[in-house]
Enquirer: 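This structure is in structure tokens; I'll ask about it shortly.
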Amino acid sequence: MENTAEKAIITVVGKDTIGIIAKVSAYLSESKVNILDISQTIVSGFFNMMMIVDVKHMTKSFTECQKELDQIGEALGVSIKCQREEIFEKMHRI
């Protein structure tokens, strides 16, 4: 069984604007968070992105990362949420 304790799910939702992926990716890179998988779509001008990331080598606390991503989202006019994978899976079980 794969260890999910060091993975997180990041979701970004909002009106499409230039630089969303660039700003989120740059922040993650600076924080030593590795993007494992990414999916993004734009429908009628609305942006939706989901990333699975590895936080094993993250240089900040998980809570600090969540707060800073939220601030980046506010500056871009989108909502950015970051959750540990095990929490995300438990919340989205059918």
Side-chain angles (χ1 to χ4, degrees):
M1 185 169 162
E2 187 176 317
N3 180 5
T4 61
E6 297 186 42
K7 290 183 184 174
I9 309 297
I10 298 173
T11 56
V12 182
V13 178
K15 192 89 167 136
D16 187 33
T17 188
I18 295 171
I20 297 171
I21 296 172
K23 286 201 170 54
V24 174
S25 297
Y27 172 80
L28 295 175
S29 176
E30 291 166 6
S31 302
K32 303 294 186 232
V33 175
N34 187 36
I35 299 169
L36 301 173
D37 199 0
I38 182 171
S39 170
Q40 65 96 30
T41 58
I42 300 169
V43 178
S44 296
F46 290 93
F47 180 86
N48 184 20
M49 178 170 67
M50 181 173 164
M51 300 172 127
I52 299 172
V53 299
D54 181 352
V55 295
K56 182 178 8 188
H57 302 292
M58 185 165 55
T59 57
K60 302 173 182 197
S61 74
F62 195 80
T63 302
E64 185 178 8
C65 182
Q66 287 175 310
K67 288 179 184 176
E68 290 176 353
L69 284 169
D70 189 49
Q71 291 171 347
I72 291 168
E74 285 181 24
L76 291 169
V78 297
S79 171
I80 302 178
K81 300 297 176 203
C82 181
Q83 297 176 296
R84 293 200 179 272
E85 183 180 41
E86 64 270 16
I87 301 298
F88 184 87
E89 287 181 357
K90 288 178 183 175
M91 288 178 55
H92 293 90
R93 267 196 196 140
I94 297 177

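FYI, side chains are in, hydrogens and waters are out, and symmetry mates aren't considered; it's all heavy atoms of this structure.
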Enquirer: Residues two or more places apart in sequence or in another chain: which of them pass side chain to side chain contact (heavy atoms under 4.5 Å, CB included) with Ile42?
Expert: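 Applying side chain to side chain contact (heavy atoms under 4.5 Å, CB included) to Ile42 gives Asp16, Gln40, Phe47.
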
Enquirer: When you measure from the side chain of Gln83 to the backbone of Ile9, do you find a donor-acceptor pair of N or O atoms at a distance under 3.5 Å?
Expert: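 No; judged by distance alone, with no hydrogens or angles, the pair does not exist.
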
Enquirer: Rounded to the nearest 0.5 Å, what separates atom CD1 in Ile52 from atom CG in Leu36?
Expert: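 If I round to the nearest 0.5 Å, the distance is 7.5 Å.
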
Enquirer: Among the clusters formed by ILVMFWY side chains lying less than 4.5 Å apart, do Ile35 and Leu69 turn up in the same one?
Expert: yes

Enquirer: Are Val53 and Val13 connected in a single hydrophobic cluster, I mean Ile/Leu/Val/Met/Phe/Trp/Tyr linked by side-chain heavy atoms less than 4.5 Å apart?
Expert: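 As far as the 4.5 Å side-chain criterion goes, Val53 and Val13 are not connected within one cluster.
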
Enquirer: Would a 4.5 Å heavy-atom cut-off, applied to side chains only, mark Ile10 and Leu28 as touching?
Expert: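 Contact flag for Ile10/Leu28 side chains = yes.
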
Enquirer: Got Arg84 and Val55 here, is their nearest side-chain heavy-atom distance under 4.5 Å?
Expert: yes

Enquirer: Check Lys15 against Val78 and note the closest heavy-atom contact, atom names and distance.
Expert: O-CG1, 3.8 Å

Enquirer: Looking at every heavy atom in both Cys65 and Tyr27, which two are closest together, and how far apart are they?
Expert: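 The answer is CA-OH, 3.4 Å.
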
Enquirer: How far apart are the closest heavy atoms of Ser25 and Met51, and which atoms are they?
Expert: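 Result for this residue pair: OG-CE, 4.0 Å.
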
Enquirer: Can you tell me how far apart CD (Glu74) and CG (Asp70) are? Round to the nearest 0.5 Å.
Expert: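 Rounded to the nearest 0.5 Å, the CD-CG separation comes out at 5.0 Å.
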
Enquirer: According to a hydrophobic-cluster definition based on side-chain heavy atoms being under 4.5 Å apart (Ile, Leu, Val, Met, Phe, Trp, Tyr only), do Ile72 and Ile38 belong together?
Expert: yes

Enquirer: How long is the straight-line distance from CE of Met58 back to CD of Glu6, given to the nearest 0.5 Å?
Expert: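 One finds 10.0 Å between CD of Glu6 and CE of Met58.
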
Enquirer: Can you list every pair that meets salt bridge (Lys or Arg N to Asp or Glu O under 4.0 Å) and has a residue in residues 45-64, with sequence neighbours left out?
Expert: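 Matches after skipping sequence neighbours: Lys60-Glu68.
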
Enquirer: Let me check something: do Phe46 and Met49 share a hydrophobic cluster, defined by ILVMFWY side-chain heavy atoms less than 4.5 Å apart, either directly or through other members?
Expert: no

Enquirer: Nearest 0.5 Å please: distance from the OG1 atom of Thr11 over to the CD1 atom of Ile80.
Expert: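 Reported to 0.5 Å precision, the distance equals 9.0 Å.
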
